[in-house]
Amino acid sequence: MSSATPPLAAPALDRAAAHRRAVLWRNLEGWLFASPWIIGFLLFTLGPMLAALVLAFTEWDLLSPPQWVGLRNIQELLRDDLVIQSLKVTTVYALVSVPLQLIVGLGLAMLLNTEIRGLRLYRTAIYLPSILSGVAVALLWRWMFQPEFGLFNLLLSYLNIDGPRWLGDPRWALPSLILMSLWEVGQGTIIYLAGLQGIPTDLYEAAEVDGATGWARFRYITVPLITPVLFFQLVTRIIVALQIFTQPAVMTDGGPNNATLTILLYLYRNAFQFFRMGYASVLAWALFLYILVLTLIVFRSSAAWVYYEGEGKRG
Amino acid sequence: MAVETRPLPQPVRRGLGLRRGKQAQHALVHLILISVVVVLLFPTFWALSTSLKPLGDIFLYPPKWLPNPIRWQNYADAVNTFPFWRYFMNTFIITGLSIVGKVISVTLVAFAFARLQWWGRNTLFFIMLTTLMLPPHVTLIPQFILFKQLGWINTFLPLVVPEFFGGPFLTFLCRQFFMSIPRDLDDAARIDGCSSLDVYWRIILPMSAPIIIAVVIFVFNGQWNEFLHALIYLQSPDKFTLAVGLRFFIGEAGTSWHLLMAAALLTMLPVLVIFFLGQKYFIQGIVFTGVKQ
Amino acid sequence: MSEKRLSRREFLRASALVAGGAVLAACQSAAPTTTQPAAPTAQAPAAKSQTQATQAPAKAALSGKIVFMCDTINEGHQKARDGWVQRFQTANPGVTVEHQPVPNTDYPTKLQTLFAAGTPPDVFRYLQENVPIVTAAAKNLNLKLDSYVTRDQYDLSGFRPDAVNLYRWEGALYALPRDYGNQNIYYNIDMFQKEGLKTPPTDWEDKTWTFQAFLEAAQKLTKKSGNRTEQYGFVLNRGARPWSSWVYNNGGALVNKDDKGMAKSIALTEPAAVEALQFMQDLIYKHGVAPTPDVEKESNTAQLFSTGRVGMIMTNPSDVNLYRSVTAFKWDVAPLPLGKATRRGTGGGGTGWAIAASTKLPDVAWEFLKSIASTQAELDEVAVGATTPSRTAIATGKEFLDPNKPPANSKSFAQAQEYVVRDPVHARWPEVLQRVVTPTMDQLWGNTKNGADVAKAIKDGADPIFAQG
């Protein structure tokens, strides 16, 4: 911008140079602070990602060299019924479990953000299921869902309810997995809680003095100030939910009748059981694009609803 | 910045009716929380109960809700069927190093994304998020080959070194929190001649205790239970982690349920302790941010 | 075909560019290398022992380090394997065997990653259900053992011939047998006696134990209270080997084979097979003697049986250990019921011990392979209850058919080995099974399609895949 102006006096020139140096330094500083991630990305992530991209255009059985097949995998993807089925399963799972987790998680965090006694125990109890994860838990749940002698149907029978066949019934299998996902709501609750506790208490006190009701305080103080966390939760939950794998792999094996065949499970089968790593890569990139588009939509919309106090503005 | 105790409820301002209302409200909160906790802890209760039964009692129907007699021996057996303490140490080393690496790198990177203005910031942030979107199964083999060429197979390095280079999930989390810290603090500090590093070290970090504790807990939990990479990169049994060790209870010729559950609960215990201790700082965190202005 | 095989240089350039050479190593690993003792290839330092062995096949000191990988079968098995390694190292002081155990559920993922990265273990448990023999042969994964067998005049006759033939393809041998399983009926004697039922016969040639006799027993054993079934006559199993056994016993088959023995099309649409499928569906929905088989295959059956909530189940001999701890009732085993077939059949098969074709120490690996396929090793596996032996003498011996322990009719396990029908052989069988057969069979179990429609849907889905090869 200085070059367009007529010759300047010496001090002005100095100032322009100093400004340029400051800008340069500011940019450099940003890159320096971000460099741990940038270096790690270049070293460990970018290569394998690009390899996966190249593999998408090959047929690779993991056992002999990949063969270039151009767009054939993509053409197959568009015709594959199981892609549609797995996309449907995964979408339904995400569509139901993500809002449920967001709402239940926030509700619990609100309750835990009060001044009642026994908070530490409540918090620990609610977080506990998120610690006890993995395959042992998936097996435990599978056992509890068992229709003949599982605990759920036993408990239901005390209420004279004839329980469903849970994982054995195509109509119930996916809802069962969604139900189970709610069990690990604790992780989200903790993140909300950290966010809620970042809200200055004086804001609430001021509102109380002004006579704001509980709902009004929630709506006009809590919600706006929690939006950065909500935004984070929404984005990461979508990403995690669309990549659900362990539960269907261990508990249902994608069945019955593909009712719980998620994209990642189908991808895994192609890669490691059907020896089609190339096709699996195409599936991976399709899922990538799907998540990317959803994330972009959330990001675009964030300007309208996410409020950063530090920025003093939305977006 | 002084640490204050929470402002006490002010009874002067409130009438008796209000206080009674508050009590009723608290009772309701307790009621809801207790029912939620009962539901959430049910599977864990069942795991605990199973872990204390003799094998023959596990599949009785209708089930024995409580183990009788209680078989503490299962825990000793679980610890003795696999090199529990060795795996414990391995997991501990991996997790400990990961926490150090992750906390340092993630806060630095999040600081850059949240508080500094620089060219390429938003693009890089988004690229960082995209790395979460590609399923690990397709990068697994290229990554394995990469680490093989570095000679890192059957060492902890593939599990630990990447932790020193940030990570999208927790960087994103920290960024969100850093962005909520009022900017006038930075500005004031900068006018006083503070560099960005000073701002990071003297302002942002001290104000972020709750979120840093959260990061520690998440890294601890995540690495303690991490499985896929430990499975692929660790080969000799003396290098295994607890998460890998647990899977050995599930065999082709049957699962030792009582031992599996005992081992799973034992494995969980350290994370539970860390969480129980760590959560105290969430509460302190309120006070920090509450008095900051 | 529009695809063109990527030239090596092109691919190297592309991969070096994108992945810092990541994919490159995979190509190198997969380059076919044939290591046969008759024509030892000039190899790096490790070739020393190999040359020695070829020059003096009688007794040369072996040296070097090999990796032995196996998945969890049960806890005891891992300890038994440690014992084998110890014993072998003591007998061969120059050799180090690194034993790498892998959790059962994750074994395929790990093994395939290692193969893809060009660093497979030297000796490993070979699972045909993951890597069909056709693939292992075509992709040169497993070392061909024939020349070693000839050189050492290794005696294969101790193994059940069918068990060895599982690992032969186009004349070459790709593994030694580890186990050889089959299906039997396990039944609760107390329940039979309580209903005044005659217990099933013991002999696989008995013609009275028919589908009809089985159904009548199952009906008597089923107890309902109101809507709820308190006790079932039988439990079906979603696994292909158990359900295909019904097809075999009715004179049907899963697939039609070509002259090489390779599967070429689905045979389930034949009347005998359709009838068997329908029989199974009727057990659930028409006669109400069986629950819908669960997604959790084995544990469901095991739990129902050991808690005395089902009269009969169909499963593998290696499951005996699950039930030997049962004290609440007496139980025994029996042959599978016979339908319209002239001779009984049972689904079955086994797993083997194999050497990676790319091993640098084939002689050491072979020596070790022999030791883990030995009579002693198989007895060790029997002792920890992890196997249905593949050696005839052990399968019929007292260690396996322990007369002091139930079941009384344990000779049924050994006899059943004569009736095993081999799983279909095809490079894409695992895919056909998961992509087509299992989901379609779920419709049979769920009563959304009848036997004939399920058979047709499987044929329509699977035949094109077989045709693609």
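No hydrogens, no waters, no symmetry mates; every other heavy atom, side chains included, goes into these values. Chain A is the first sequence line, chain B the second, and so forth, proteins listed ahead of strands; every chain is numbered from 1.
Interface remark: B:Leu108 contributes backbone and side-chain atoms alike to the contact with chain A (heavy atom separation under 4.5 Å). Heavy atoms of B:Ile250 lying under 4.5 Å from chain A belong exclusively to its side chain. Both the backbone and the side chain of A:Phe232 come within contact range of chain B, with heavy atoms under 4.5 Å apart. For B:Phe164, the part lying under 4.5 angstrom from a heavy atom of chain A is the backbone only. With a 4.5 Å cut-off on non-hydrogen atoms, A:Thr114 touches chain B through its side chain but not through its backbone. At a 4.5 Å heavy-atom cutoff, the contact between A:Met49 and chain B is made by backbone and side-chain atoms alike. With a 4.5 angstrom heavy-atom cutoff, B:Thr50 touches chain A only via side-chain atoms. Looking at A:Phe272, the atoms closer than 4.5 Å to chain B (heavy atoms on both sides) all sit in the side chain, from C-beta outward. For chain B, the nearby parts of A:Ala34 are the backbone and the side chain; heavy atoms of each come within less than 4.5 Å. In this structure, chain A has a heavy atom under 4.5 Å from the side chain of B:Phe111, while its backbone stays farther away.
For the atom pair OG of B:Ser208 and CZ of B:Phe177, the computed distance is 9.0 Å after rounding to the nearest 0.5 Å. Rounding to the nearest 0.5 Å places CZ of A:Phe299 at 9.0 Å from CG of B:Asn122.
With chain A as the partner, the residue from B:Ile32, B:Ile127, B:Ile104, B:Leu140 showing the most heavy-atom pairs under 4.5 Å is B:Ile127. Chosen from B:Val36, B:Asp186, B:Leu40, the residue pairing most often with chain A at heavy-atom distances under 4.5 Å is B:Leu40.
In this structure, A:Trp143 contributes its side chain and A:Leu151 its backbone to no donor-acceptor pair below 3.5 Å. Proximity of a side-chain donor or acceptor of B:Trp118 to a complementary backbone N or O of B:Ala112 within less than 3.5 Å is detected. With hydrogens and angles ignored, the 3.5 Å screen pairs a side-chain donor or acceptor of A:Gln243 with a backbone N or O of B:Leu132. No donor-acceptor pair under 3.5 Å is formed between the side chain of A:Asn270 and the backbone N or O of A:Tyr279.
Figure legend: cation-pi geometry between B:Arg121 and B:Phe113 absent, as NZ or CZ is not positioned both under 6.0 Å from the six-membered ring centre and within 45° of its axis.
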